[in-house]
Amino acid sequence: MRDLTELTDVEEPAWPLLSEAISNSRVSMDVLPVDPAQARGSLLQLQLTARSWLGSFVLNCGGVLLDSGWLRIYGSPDDDAPPGTPSFAEVNDIPERFDPAWQPAAGLVVAHDVLGGVFVVNGSDPAQANRPGGPGEVLYFAPDSLRWDALGVGYGPWLSWMMDGAPEQFYDTLRWPGWRAETGPLPGSHGITFDPVLWTAANRRDLPAARRRAVHMSDLMDLHRGTGLELDKIDPGFLGNFDDY
């Protein structure tokens, strides 16, 4: 186990590049203020260095609400963050005090979108967790298929891609007229569900006509996980913790 100084005092930390990428983002965003104590505790538990983009983001940023809150990228927010905004530590159920025995179940949840889609960085053995892709690769649990898709990149390239305008194309078939007015006011603890649900042919025929309502993310995750298990007979696994919100 490395102590905190070994994780933070590194050559070529990622934050200058990451900060520049945030400043130059082509997508609208709210950058949340960071809680330094929480950030250091998370970094110590993760045993990531500030040289990595994920470690540097968790250490230096409270999180990002991208594209009118459509995508919530988790960091270490302080008390001035918008109500209902989970932290990286809370979403991943990281212990409040350092626990050398703790390990993430199958990877690390790094973001959710307002539809209940989940972005995860793979753990060391994706096959054992019934997940595609290689170790460290970013996966997406798609709310319109209820399956994991490997995106072929790690956290740094994924984050750069999202801030460079990827949401417009990535979510092209999952947005409807006036979506910003609906998603912008939602707290990070809530998402949107559809009737008919997203994974049905009826919804795909006419998404704008579907009835929509805001629900707690815990309920949305339970729905997606339960239905995915029922349809494919494979448990998609941990999709994030929202118990405190």
Side-chain angles (χ1 to χ4, degrees), residues 17-32 53-54 56-58 61-75 77 81-82 84-88 91 107-122 132-133 137-194 197-199 203-204 206-208 210 212 214-215 217 220-221 224 239-240 242:
L17 287 175
L18 208 167
S19 180
E20 182 179 359
I22 292 174
S23 298
N24 295 332
S25 173
R26 296 173 55 192
V27 184
S28 64
M29 67 168 67
D30 292 322
V31 181
L32 307 182
W53 274 51
L54 178 55
S56 187
F57 190 87
V58 171
C61 186
V64 165
L65 306 179
L66 198 70
D67 219 2
S68 300
W70 181 278
L71 182 64
R72 299 91 178 250
I73 304 172
Y74 299 117
T85 304
S87 69
F88 182 90
V91 165
L108 293 166
V109 175
V110 295
H112 284 92
D113 58 46
V114 73
L115 306 178
V118 190
F119 290 94
V120 166
V121 174
N122 255 343
E137 186 173 348
V138 176
L139 309 182
Y140 180 60
F141 185 76
D144 56 336
S145 69
L146 303 180
R147 295 177 181 175
W148 290 105
D149 296 320
L151 301 185
V153 295
Y155 181 83
W158 168 78
L159 187 58
S160 295
W161 180 48
M162 286 293 153
M163 292 190 294
D164 198 38
E168 182 176 358
Q169 181 180 4
F170 192 81
Y171 294 107
D172 179 51
T173 61
L174 295 173
R175 287 177 167 175
W176 59 95
W179 63 267
R180 288 186 189 275
E182 291 185 43
T183 63
L186 285 178
S189 57
H190 284 67
I192 291 178
T193 189
F194 293 76
V197 288
L198 278 174
W199 54 88
N203 184 291
R204 287 191 288 271
D206 194 358
L207 176 67
R212 297 178 296 276
V215 296
M217 289 294 285
L220 200 50
M221 294 300 100
H224 288 177
L239 299 178
F242 287 87

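All values below were derived from every heavy atom in this structure, side-chain atoms included, with hydrogens, water molecules and symmetry-related copies excluded.
- The line from CE of Met162 to CG of Leu71 is 6.5 Å long, rounded to the nearest 0.5 Å.
- The shortest heavy-atom contact between Trp199 and Pro143 is CE3-O, 3.4 Å.
- Scanning both residues, Asp149 and Ala142, for their nearest heavy atoms gives OD2-CB, 4.0 Å.
- Between Ile22 and Met29 there is a side-chain heavy-atom pair separated by less than 4.5 Å.
- Annotation: side chain of Pro82 is in contact with side chain of Leu65 (closest heavy-atom distance under 4.5 Å).
- Here the side chains of Leu17 and Ser19 are not in contact, with every heavy-atom distance at 4.5 Å or above.
- Under the salt bridge (Lys or Arg N to Asp or Glu O under 4.0 Å) criterion, the residue pairs touching residues 162-180 are Arg26-Asp164, Asp67-Arg175, Asp67-Arg180, with sequence neighbours excluded.
- No side-chain heavy atom of Trp158 sits less than 4.5 Å from a side-chain heavy atom of Val121.
- Val27 and Pro167 make their closest contact through CG2-CD, 4.3 Å (heavy atoms, listed as atom of the first residue, atom of the second, distance).
- Going from atom CG of Asp144 over to atom NE2 of His224 covers 9.5 Å, rounded to the nearest 0.5 Å.
- Between Tyr140 and Tyr171, the two ring planes are perpendicular [angle over 60°; tilted spans 30° to 60°].
- In this structure, Trp179 and Trp70 have perpendicular ring planes: the angle between them is above 60°, well past the 30° mark.
- Of all heavy-atom pairs spanning Pro77 and Thr85, the tightest one is CG-O, 4.2 Å.
- The side-chain heavy atoms of Met217 and Leu186, taken from C-beta on, include no pair separated by under 4.5 Å.
- Atom CZ of Phe141 is separated from atom CG of Leu146 by 5.0 Å, given to the nearest 0.5 angstrom.
- Between Val118 and Val109, the closest side-chain pair of non-hydrogen atoms falls below 4.5 Å.
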Item to complete: Begin with the C-alpha distance, continue with both residues' side-chain angles, and end with the deciding distance and a verdict on side chain to side chain contact (heavy atoms under 4.5 Å, CB included) for Phe242 and Leu220.
Response: CA-CA 10 Å; Phe242 287 87; Leu220 200 50; over 6 Å; no
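- Side chain of Ser25 to backbone of Met163: a donor-acceptor contact under 3.5 angstrom is found.
- A perpendicular orientation is assigned to the rings of Phe57 and Tyr155, their planes being inclined by more than 60° (bins at 30° and 60°).
- For the atom pair CD1 of Ile192 and CG of Leu115, the computed distance is 7.0 Å after rounding to the nearest 0.5 Å.
- The main-chain N or O of Leu239 is found under 3.5 Å from a side-chain atom of His112 such that the two form a donor-acceptor pair.
- Considering only heavy atoms from C-beta on, Val197 stays 4.5 Å or farther from Asn203 through its side chain.
- Side-chain contact check for Val64 versus Leu159: every heavy-atom pair is 4.5 Å or farther apart.
- With Asp113 contributing its side chain and Phe119 its backbone, the two residues share no donor-acceptor pair below 3.5 Å.
- Taking every heavy atom of both residues into account, Trp176 and Pro208 meet most closely at CB-CA, 4.2 Å.
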Practice prompt. Could you walk me through whether Thr173 and Leu207 pass side chain to side chain contact (heavy atoms under 4.5 Å, CB included), step by step?
Written response: CA-CA 8 Å; Thr173 61; Leu207 176 67; over 6 Å; no
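- Between Phe194 and Ala210, the shortest heavy-atom contact is CD2-CB, 4.0 Å.
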